[in-house]
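Worksheet: the structure to be examined is printed underneath.
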Protein chains: 2
Amino acid sequence: MTTSVSTSTTTPRDRRRRETIAEILDAAWELARTEGIASLSLRQLAKRVGMRAPSLYSYFDSKHAIYDAMFRQGQEQLAEHMADVSEKRPVTRESLKAGVRLWFEFCLASPVRYQLMFQRSVPGFEPSPESYSLAQARLADAGRVLLDAGVTDPAALDLWTALLTGLTSQQISNDPTGDRWARLLDESVDMFLDHVGALPTQTGDAP
Amino acid sequence: MTTSVSTSTTTPRDRRRRETIAEILDAAWELARTEGIASLSLRQLAKRVGMRAPSLYSYFDSKHAIYDAMFRQGQEQLAEHMADVSEKRPVTRESLKAGVRLWFEFCLASPVRYQLMFQRSVPGFEPSPESYSLAQARLADAGRVLLDAGVTDPAALDLWTALLTGLTSQQISNDPTGDRWARLLDESVDMFLDHVGALPTQTGDAP
DNA sequence: CATGAGTTCCTAACGATGTTAGGAACTTAG
DNA sequence: CTAAGTTCCTAACATCGTTAGGAACTCATG
């Protein structure tokens, strides 16, 4: 309950605090990258930022909260990564493929991030409602793109996400560094669109 | 190095031992079902079979070895579950759909088992080479079925497994008890076969 | 400047985890 | 009967997330 109504929460102390939080999260990602996302230990993390484990509790309520913050970062990064393509209209076969390729790129760029965000690889963890709503919004975006492509059947949407998540996790667990996935992605998109009869590859303009 | 060359390892003691091992594994599955596959604790497991934790080490070298034994059990159960359909020739669109439905049934019957076998949901665990080879054999079976259906392109095989694993994990995490997946499965199989041009739905017998 | 609140850090500790050491009681083979 | 092998135990170690309680610091107000 400080009386800081004047400057909008940018006191010199708050700045330092935000820097420390960022530093902790950076270290957490690095540690997750080397030890595995589920093997993040507070003592190791604290050591990496020059602290003891209990001091982390000045910045996060629990280990869970750290995972949650990482989850949010991931969602923000995803939104940024997809910004260009997610609003482009009209939707064409090519723009859809480009979007899918961007999504794949994002997932492959950091398998650990992918595991945290989409694979529920951390045993006790599920994102808080606020963080999860971010994810829902992103998913709604993807759904809207497909809707604008003329795909309306809910079952088809299920099929679409199943196809993409299947391809992604298969690629990540089998061949994270391979680069021959682009063709498979395009083929999948074609298969799906042909099946549901959307965005025909022939120029389908009515005269 | 006992001199038991006569009776093929069926001494009254070995029997008791095998019973105990089975009992431990049963309790492990039950515990995994209630606590989550990754939250299996040796002390809880021991309590459930009327022991203390260290006594489990007379039967398994480590917690990892218990997971490995569970993995093997899962593979054996899968083989048994799929036995009817995996050898049926010639492969038809219907038999393929039946096989896929069996697979789905198996996965949904025990989400915990699915997570252990296919989702790598236990942080430190990966199956031993011997156990893994079992899984490889099962996978080869599935591949052979597809090959006999006329699907030879390796990329198409990737697409097939991606589609199925995507559908499975999506179903399990979103709606484990729902029963409207059968239609989606059939639709997926049709989409795939149409795309690769195998097993045409018209009676394709040459006159 | 001085005082008091708020923050950031620490050490010590609790209960839980997987695992090892060492020993007692039992089963079995010679 | 005796010696080996097994099955169980308690005690303990290092690790984990987390809490309690206190020392040192920053900072706004008298």
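In the text below, chain A, chain B and the rest are named by the order of the sequence lines, each starting its count at 1.
- The CG-P distance, from B:D61 to C:dG18, rounds to 16 Å in whole Å.
- With sequence neighbours left out, B:D190 forms a side-chain hydrogen bond (donor to acceptor under 3.5 Å, both in side chains) with B:R93, B:K97.
- In this structure, CZ of B:R17 is placed 14 Å from C1' of C:dT27, rounded to the nearest angstrom.
- In this pair, A:Y114 and A:W103 present their aromatic rings perpendicular. The plane angle is above 60°, beyond the 30 to 60° band.
- Within the 4.0 Å cut-off from OP1 or OP2 of D:dT7, at least one side-chain nitrogen or oxygen of B:R13 is found.
- Residue A:S55 places at least one side-chain N or O under 4.0 Å from the OP1 or OP2 atom of C:dC10.
- A salt bridge links B:E19 with B:R16: at least one charged nitrogen is closer than 4.0 Å to a carboxylate oxygen.
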(request) Dump the intermediate steps for side-chain hydrogen bond (donor to acceptor under 3.5 Å, both in side chains) on B:Q170 and A:T161, then the final yes or no. (result) CA-CA 8 Å; B:Q170 176 178 315; A:T161 71; 2.6 Å; yes
Show which side-chain atoms of residues 123-137 of chain A pair as donor or acceptor with protein atoms under 3.5 Å away, not counting sequence neighbours.
from   : atom 1 : to     : atom 2 : distance (Å)
A:S128 : OG     : A:D68  : OD1    : 3.4
A:S128 : OG     : A:D68  : OD2    : 2.9
A:S128 : OG     : A:S131 : N      : 3.4
A:S128 : OG     : A:S131 : OG     : 3.1
A:S131 : OG     : A:D68  : OD1    : 3.4
A:S131 : OG     : A:D68  : OD2    : 2.8
A:S133 : OG     : A:E130 : O      : 2.6

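- Contact annotation for A:Y57: base contact, defined as any heavy-atom pair under 4.0 Å involving a base atom.
- Counting to the nearest Å, the P atom of C:dT28 and the CG atom of B:D14 are 10 Å from each other.
- Nearest nucleotide to the A:Y59 side chain, out of C:dT7, C:dT19, C:dC9: C:dC9.
- Between the NZ atom of A:K63 and the P atom of D:dT15 there is a distance of 15 Å, given to the nearest Å.
- Taking atom CZ of residue B:F125 and atom P of nucleotide C:dG18, one finds them 15 Å apart after rounding to whole Å.
- With A:Y67 contributing its side chain and A:S62 its backbone, the two residues share no donor-acceptor pair below 3.5 Å.
- Looking at residues 22-52 of chain B, you'll see B:L40, B:S41, B:L42, B:R43, B:Q44 sit with a heavy atom under 4.0 Å from some atom of DNA chain C.
- Side-chain contact between B:L96 and B:L146 is present, with heavy atoms from C-beta onward closer than 4.5 Å.
- Contact annotation for A:T20: no contact, since no heavy-atom pair falls under 4.0 Å across all strands.
- Rounding to whole angstrom units, OH of residue B:Y67 and P of C:dT19 are separated by 10 Å.
- Atom CD1 of A:I66 and atom C1' of D:dG17 are 11 Å apart (whole Å).
- Rounded to an integer number of Å, the gap from B:L56 CG to D:dC8 P is 9 Å.
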